[in-house]
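Accompanying notes for the structure given below.
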Amino acid sequence: MRSMSSAAVVVHTPGYFCDIGPHVFPVEKFARVRADLVNGREIEAGQLVEPAPAARENLLLAHTPEYLDDLDALRWTHRTHMSELPLKAEIVRAYRLAAEGTTLAARGALEHGCGINLGGGFHHASADRAEGFCYLNDLAVAVRVLQREGRIRRAAVVDLDVHQGNGTALIFHGDQTVFTLSIHQEMNYPMPKPPSTLDVGLADGTGDEEYLRQLDPALDAVWAFAPEIVLYQAGADPYVEDQLGGLALTLAGLEARDRRVLEGCARRVIPAVVTLGGGYARRFEDTVSIHARTCRIALAAAEAGARRPA
Ligand SMILES: [Zn+2]
């Protein structure tokens with residue numbers, strides 16, 4: 001008999017935490033989500049995979065050498081100054097770990113049906129620029145590494161963070177092998193919004209029912225693209241209690257959102273990769289429980305998929 005999570009690879013390292021000073025971004029959430037899943041016995045501590053920092057040659061598949069040089073030298077330039085974060089070695093290292101983490105989760109998803117990075121989703125970083133708490137775009141690095149390894153050709157990034165996935169959109173602009181979907185609050189950062197393959201900009205205060213009504217046809221477009229892997233940026237910030245978001249999803253609405261994506265992948269036998277993305281709820285515990293529930297849904301969907309008769 002299979003254990004609960006045998007169909008998934010779960011990636012995390014304590015190095016995802018870095019000291020960014022007093023900040024709205026709760027970097028302690030990564031370890032708290034891990035603890036939540038281990039304490040709830042959804043995953044075993046021994047099952048967790050720890051990434052090393054991503055190699056420069058992998059980062060170069062999504063980022064320019066000039067920008068990576070700035071990060072290595074901790075240089076404050078026009079390429080790094082929009083991060084809204086300090087620029088310190090420990091912080092850059094955390095983003096390199098996250099980039100490798102999503103890559104490992106993606107390799108694991110191809111082998112086991114599901115991969116979860118308890119971090120990542122840094123969708124505002126573009127090829128040559130940091131932005132919006134994001135130094136390195138782990139989603140883009142992972143897709144490009146798998147393509148270079150010849151493991152996949154077509155990939156989709158399903159970005160349901162409340163903020164548009166501008167960095168991912170820019171990196172994959174004009175690339176016919178990658179479908180980028182972003183469903184976000186239209187009147188929110190970033191401005192302007194470079195085009196994804198499909199953008200769905202929602203009105204302020206959009207609630208569960210309307211959100212899910214817009215999600216379904218957008219996901220149909222993803223399925224029609226026939227991706228060989230889906231990378232899910234499962235931002236927790238469409239939540240009604242988020243400090244940086246202006247949508248109005250409830251916890252039940254977010255659960256329904258996650259099910260549409262993750263059960264949709266499992267039903268179609270498309271490997272799914274979860275990354276956490278944003279989450280700035282007034283109560284920190286809400287952000288942790290939203291992310292942990294996304295992971296639970298991914299684990300259950302993968303397990304159900306693995307039990308399906310061949
Ligand atoms: Zn966000």
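Heavy atoms only: backbone and side chains are in, while hydrogens, waters and symmetry mates are out. Indexing begins at 1, ligand by ligand and atom by atom, following the structure's order.
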Review point. Which N/O/S atom belongs to D237 and is the closest one to the Zn ion (ligand 1)?
Key: OD2

Review point. For the residue pair Y95 and F122, is the inter-centroid distance of their aromatic rings smaller than 6.0 Å?
Key: yes

**Study point:** Considering only N, O or S atoms of D161, the one closest to the Zn ion (ligand 1)
**Key:** OD1

**Study point:** Residues, nucleotides or ligands: over 12 heavy atoms within 6.0 Å of R93 CZ
**Key:** no

Point to revise | Side chains of H124 and N166 in contact at under 4.5 Å (non-hydrogen atoms) | key: yes

Review point. Which of the N/O/S atoms in H163 sits closest to the Zn ion (ligand 1)?
Key: ND1

Check your understanding: Can you list every ring-ring contact (aromatic ring centres under 6.0 Å, His included) pair that touches residues 215-248, not counting sequence neighbours?
Key -> F179-F225

